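Notes follow the structure.
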Amino acid sequence: MKKTLVLTVDSREPNMEKIRLAADFIKKGGLVAFPTETVYGLGADALNLKAVLALFKAKKRPLDNPPIVHVSDALEVHRLVTTVPPEAEELMRKLWPGPLTLIFKRSEIVPDVTVAGLDTIAIRMPRHNVALALIRESGCPIAAPSANLAGKPSPTSAKHVLDDLEGRIDAVLDAGPTSIGVESTVLDLTVDPPQILRPGGTPYETLQRILPRVKLHPIALAERKLDVRKARSPGMMHKHYAPEADLIVVEGQVPAVVNKVKELSDSYRRNGKRVGVLATDETISEYKAFVAKSLGSRSDLATIAKNLFRLLRELDSEDVDIIIAEGIPPKELGLAVMNRLRKASGYNIIKAGEN
Ligand code: TXA
Ligand code: MG
């Protein structure tokens with residue numbers, strides 16, 4: 001067990017002494033968790049083999065699932081990859097810094113462990129002054145998966161990071177809750193047409209406006225577990241985002257969803273189970289008998305995305321046996337939310353109003 005140092009900083013203008021302290025850990029091969037606009041990441045020097053191995057170990061992450069490499073300047077991409085396709089240039093110019101990860105063919109300077117032996121690399125430039133300052137001061141690209149134990153919901157606050165990783169990492173830069181709340185969109189530019197492997201903070205609709213040819217990988221909104229051989233992204237194969245409790249997602253028109261959620265909740269309760277409901281502002285008053293939490297208004301998908309992982313963690317800490325979640329429309333940030341919910345449920349999806 002090591003002591004994990006908590007460095008509290010302002011999210012816009014972080015104290016540079018604390019950033020330098022954090023960067024010193026990274027330079028020495030240590031592990032530092034830091035905020036991005038999506039979720040907290042657990043950072044290590046991406047070009048230091050030992051540091052990256054320690055990163056996998058701290059997270060208990062399988063070695064076949066590579067992290068995203070974070071840069072503070074789009075120019076740093078060139079030494080990490082063999083070619084930068086014109087489409088990538090355009091996306092980097094228009095959407096970086098931001099919640100968009102691009103997959104490139106990787107160059108020789110990247111250690112094999114950093115990319116889990118693949119011939120590709122995932123890179124993004126986060127839109128967060130603390131993350132950017134840390135990368136700059138460290139003087140290296142930073143490999144950073146989400147700063148949770150493998151399989152847990154991603155952390156949207158420093159408290160979540162400490163709940164999972166206290167004593168396993170050197171430091172956490174605490175700049176308060178993250179603004180987007182779901183991870184970046186992962187876009188593969190090594191295939192034609194370009195393909196979204198993980199929907200996330202940059203909506204599909206936004207990418208389509210710039211790259212009309214972009215496609216959504218079938219697994220991104222799968223309703224059941226697909227054949228892993230079809231998976232292009234290693235993360236697709238692993239159990240993810242899962243709370244401790246079992247999770248059921250109920251999808252369909254709102255009135256039918258509400259009835260189904262109530263019916264399921266009643267029946268679980270009759271069987272002695274503690275039920276948690278993930279509802280929305282418009283529906284929460286229907287579930288007075290249960291531990292119910294609202295993700296936000298159905299007309300504000302960004303707020304729903306922001307609250308998702310925090311509420312999954314909160315329900316877990318209230319020791320519910322089963323979580324029943326309302327589905328929301330899979331558009332804009334709702335697509336990432338539904339991808340995470342379906343995956344977290346192990347594809348335990350019920351279509352309300354259909355028989
Ligand atoms: O918002 C985010 O992306 C956060 C913050 C910290 O930046 N990071 C994050 O990293 O979510 P992680 O490691 O938890 O998720 C990275 C995803 C995984 O699903 C992984 O399989 C995929 O990106 N990935 C990494 N390298 C890849 C590659 N070369 N080809 C395809 N997928 C890759
Ligand atoms: Mg993750």
Side-chain angles (χ1 to χ4, degrees), residues 31-44 46 52 55-56 58-72 80-82 96-107 110 112-128 130-132 134-135 141-156 160-161 164-165 172-173 178-191 194-202 217 219-220 228 231-242 305 309 333 336 339-340 343-344:
L31 305 178
V32 176
F34 60 95
T36 76
E37 76 280 40
T38 57
V39 301
Y40 275 71
L42 179 59
V52 178
L55 176 66
F56 278 98
K59 261 190 73 103
K60 301 191 181 165
R61 173 154 166 145
L63 284 166
D64 64 355
N65 190 12
I68 292 168
V69 174
H70 294 66
V71 296
S72 58
L80 302 172
V81 311
T82 54
W96 277 13
L100 175 67
T101 295
L102 301 174
I103 308 288
F104 299 89
K105 290 279 178 202
R106 60 108 159 191
S107 74
V110 185
D112 279 342
V113 275
T114 304
V115 292
L118 299 175
D119 63 354
T120 53
I121 181 169
I123 308 180
R124 88 174 187 103
M125 178 174 170
R127 191 173 64 226
H128 196 297
V130 174
L132 293 172
L134 177 68
I135 301 166
I142 294 188
S146 48
N148 51 286
L149 281 174
K152 297 270 178 199
S154 290
T156 57
H160 299 160
V161 174
D164 280 13
L165 297 174
V172 55
L173 283 160
T178 59
S179 60
I180 295 179
V182 288
E183 306 90 339
S184 62
T185 299
V186 177
L187 177 66
D188 190 350
L189 293 168
T190 69
V191 291
Q195 203 172 34
I196 294 175
L197 303 180
R198 178 179 75 180
T202 300
H217 191 284
I219 220 162
V228 291
R232 288 197 51 82
S233 186
M236 290 173 169
M237 301 180 291
H238 295 283
K239 189 167 158 61
H240 245 204
Y241 318 114
F309 289 139
L333 284 173
N339 166 275
R340 306 304 187 272
K343 221 171 158 178

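Bear in mind the structure is a predicted one, so any value in this text is a computation, not a measurement. Excluded from the calculations below are hydrogen atoms, water molecules and symmetry mates; all remaining heavy atoms, backbone and side chain alike, are included. Start at 1 and go down the list; that is how both ligands and their atoms are numbered.
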Between the side chains of Thr38 and Arg124, is a donor N or O closer than 3.5 angstrom to an acceptor N or O? yes

For Thr38, is at least one N or O under 3.5 Å away from an N or O on ligand 1? yes

On a heavy-atom basis, the closest approach of Arg340 and Gly200 is NH2-CA, 3.9 Å

Which residues pass the side-chain contact (heavy atoms from CB on, under 4.5 Å) test with Ala147, not counting sequence neighbours? Ala33, Tyr40, Leu42, Pro155, Val161, Leu165

In ligand 1, the atoms that come under 4.0 Å of a heavy atom of Pro66 are 20 (C), 24 (N), 25 (C), 26 (N), 27 (C)

Taking only heavy atoms of Gly41 into account, list the atoms of ligand 1 that are under 4.0 Å away from them. 6 (C)

If you count the atoms of ligand 1 from 1 in the order shown, which ones are under 4.0 Å from a heavy atom of Arg61? 12 (P), 13 (O), 14 (O)

Counting C-beta onward and ignoring hydrogens, is there a side-chain heavy-atom pair between Leu187 and Leu102 closer than 4.5 Å? yes

Heavy-atom proximity to atom 18 (C) of ligand 1, picking from Asn65, Ile103, Ile142, Leu102, points to Asn65

Ligand 1 to Leu197, heavy atom cutoff 4.0 Å, flagged ligand atoms 31 (C)

Residue-ligand contact Arg124/ligand 1, heavy atom below 4.0 Å: yes

Flag, side chain of Asn339 to backbone of Ala220, donor-acceptor distance under 3.5 Å: yes

Can you check whether Met125 reaches Leu132 side chain to side chain, under 4.5 Å on heavy atoms? yes

Ligand 1 atoms nearer than 4.0 angstrom to some heavy atom of Ala122 are 25 (C), 26 (N), 27 (C)

Distance under 4.0 Å to a non-hydrogen atom of Thr120: what atoms of ligand 1 satisfy this? 28 (C), 29 (N), 30 (N)

Do Thr101 and Ser184 have a side chain donor and acceptor closer than 3.5 Å? yes

Test of proximity, Thr36 against ligand 1: N or O pairs below 3.5 Å: no

Heteroatom proximity flag, Thr101 to ligand 1, N/O under 3.5 Å: no

Indicate yes or no: does an N/O atom of Lys59 lie under 3.5 Å from an N/O atom of ligand 1? no

If you count the atoms of ligand 1 from 1 in the order shown, which ones are under 4.0 Å from a heavy atom of Ile68? 3 (O), 8 (N), 9 (C), 10 (O), 16 (C)

Write down the atom of Val39, the atom of Val182, and the distance for their closest heavy-atom approach. CG1-C, 4.1 Å

What residues form a side-chain hydrogen bond (donor to acceptor under 3.5 Å, both in side chains) with Lys105, not counting sequence neighbours? Asp119

Under 4.0 angstrom from ligand 1, any heavy atom of Val115? no

Ligand 1 contact by His70, heavy-atom criterion under 4.0 angstrom: yes

Mark up the atoms of ligand 1 that fall under 4.0 Å of a heavy atom belonging to Leu118, in ascending order. 28 (C), 29 (N)

Out of Thr190, Asp112, Thr114, which one pairs with Arg106 under the side chain to side chain donor-acceptor pair (under 3.5 Å) rule? Asp112

Look at ligand 1 and say whether Pro99 reaches it with a heavy atom at a distance under 4.0 Å. no

Ranking Ala144, Ala150, Ser154 by closest non-hydrogen atom to atom 8 (N) of ligand 1, top hit is Ala144

With respect to atom 9 (C) of ligand 1, which of Ser146, Ala147, Ala143, Ser184 exhibits the smallest heavy-atom separation? Ser146

So does Asn148 have any N/O/S atom less than 2.8 Å away from the Mg ion (ligand 2)? no

Please report the shortest heavy-atom distance between Leu63 and Ala116, naming the atom on each side. O-CB, 3.3 Å

Report yes if the side chains of Asn148 and Phe309 come closer than 4.5 Å at any heavy-atom pair, otherwise no. no

